[in-house]
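Note that ligands are numbered from 1 as they come in the structure, with each ligand's atoms numbered from 1 the same way.
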Amino acid sequence: MNDAAREWIALVCKALNGLRGESGAPIEAAEIVAEVPPKPELGDLAFPMFPYAKRLRKAPGLIAESLVAELERIGGLPGKVSPAGPYVNVRYLVGSVARSVVEEALALGPRYGRTDRLAGERVMVEFSSPNTNKPLHLGHLRNDILGESVSRILKANGADVCKTDLINDRGIHICKSMLAYERFGGGRSPESAGVKSDHFVGDFYVKFNEWAKEDPSAEEAAREMLRRWEAGDGQVRSLWRRMNDWAIKGIEETYRRTGISFDRIYFESETYEAGREEVLKGIASRVFSRDPDGSVWVDLTDVGLDRKVLLRKDGTTVYVTQDIGTAIARRRDYPFDRLIYVVASEQHYHFKVLFNILSRLGFPWAENLHHLSYGMVNLPEGKMKSREGTVVDADDLLDELEGMAAAEIRAKGREEEVGDLAATSRAIALGALNYYLLQVSPSKDMVFDPKESISFVGNTGPYLQYMGTRISSIMRKLDELRSPLGEAEFRPELLAAGDEWELVKLVGALPDVVARAGDELNPSLVAGYLFTLASTFSRYYHDTPVLHNDDPHLTATRVALAKAVGTALRNAFELVGIPFLERM
Ligand code: ARG
């Protein structure tokens, strides 16, 4: 809700109480229902009269008429008011709203759009959480930007946010790449091979799978290596450290490239033992039980889930065991009010089980765990499958997008204009990728079309970036004018063109959009907002001269509006990971 709406609610409340006379309790402002009319022609705000029919002993249509009369009697209204059946419609006075919206946007600058909705709340957000046997793929890119964006949106709503990653650095799959390296690596290193270090490790994982297809003993050898790892065998541990360092170093390079960062990193190898301890404690407190073969189970059938193994009969842990240890460690390290796990929808069941186990163990904070589940990402060519090697590698995809962006700049002959071609191409590629991935609701499966995403026209990141450059260019041209604005001042009452009013409302709506995106953990709301803002500005800019008007006050006013649009655009870009460009 904006200031104008609040002002009107107070007025309507006062007028309703005027109609009520002396009878009964006063009507409170909190009781006033205000709606956004379904069509802009109807006005900016609508008040239904149904809620007061009983109190005022009058039909809503009649209340509407006398309310309008009462409002006009009060006078000094910030706009126009009219009865429409059982509703009272209000149209704001453009000038007053425009003044408050534009002045606020310009005064707050990079802080415009923030809210204090979640002030004082501590939220931990886990995302990415890769495995150290492979480099990142397209699914991680969706996960990464979703987690990063949700974190930024929560922060923009005043929350204290701790971004965390959980690195799966142990287990049979990690041993597989180690084993293949021991056998086929010949002591090479990523440096000597000239390969990015996580790819170097991933190639041995692929090699293992090829080898295992020919030789059934490979799987057994991997299990044997895992046993030696668990027993703390020095040689296995040192190979493990060496290869994990390679994998993590490479993964971190990709994070840097995509603008992703974390406040705390957890390693499964450091939390799984704690998970085991908790499970053993849970046997004592009868939350879990041991089968005759020695395995440990939790029975979740009373809540419609299954029986689930927590320790195998040989005492080894399973996936959920480390998650128990990790959650407890996290809550100790950072006493969150809420922990959000950004993980693919395939793991829906896993998180139901995990949350239920933690609440059975008596942790009251288990109520505040949330799985932010997201759908699959495919390429137009079809489903990605990692075992068939058709998985879309994150670095390759980024290279491809950067190449496409550079080609587009060259095709338009704009190399001179952009200056640093490589940096601009990187920014465009990232804007294209992040916007495309976030414009869809997280829960939906999606198809990522690289070509479509990078297009400079249509509903794309580069199109939004282009609108940002238009505004920057207006400001540059303004500086080049001989006497920029002189004495001319911002006079919001001069904003009369239809799109100007739309733009004012859109800029004014940013805090509401940020609040809703935070409530729903849904960056696609910010993405949708950006597209509306950019396309409205595009139309406006096409039809209306911003810099060249006979009235210098009109120029100053339009420049201020364009600056406010630029501020809203830039701040919303930041929330969804779209780099703002001065030129492209
Ligand atoms: N490393 C896991 C995987 O690749 C995802 C981990 C998700 N997070 C968690 N706390 N279990 O499937």
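No more than 12 heavy atoms of other residues, nucleotides or ligands lie within 6.0 Å of OH in Y466, so this atom counts as exposed by the packing criterion. Within 6.0 Å of NZ in K352 there are 12 or fewer heavy atoms belonging to other residues, nucleotides or ligands.
Listed by chain and number, E126, S129, N131, L166, N168, Y319, D323, Y341, V343, Q347, H350, F351 each place a non-hydrogen atom less than 4.0 angstrom from ligand 1.
The ring-ring contact (aromatic ring centres under 6.0 Å, His included) test with F127 singles out one residue from Y255, Y341, F262, and that residue is F262. Residue D395 forms a side chain to side chain contact (heavy atoms under 4.5 Å, CB included) with just one option from E253, H199, E400, and that option is H199.
Contact check on R227 versus E230 returns no salt bridge, with no Lys/Arg side-chain nitrogen under 4.0 Å from an Asp/Glu carboxylate oxygen.
Here the closest heavy-atom approach between residue S441 and residue R142 is recorded as O-NH2, 3.2 Å.
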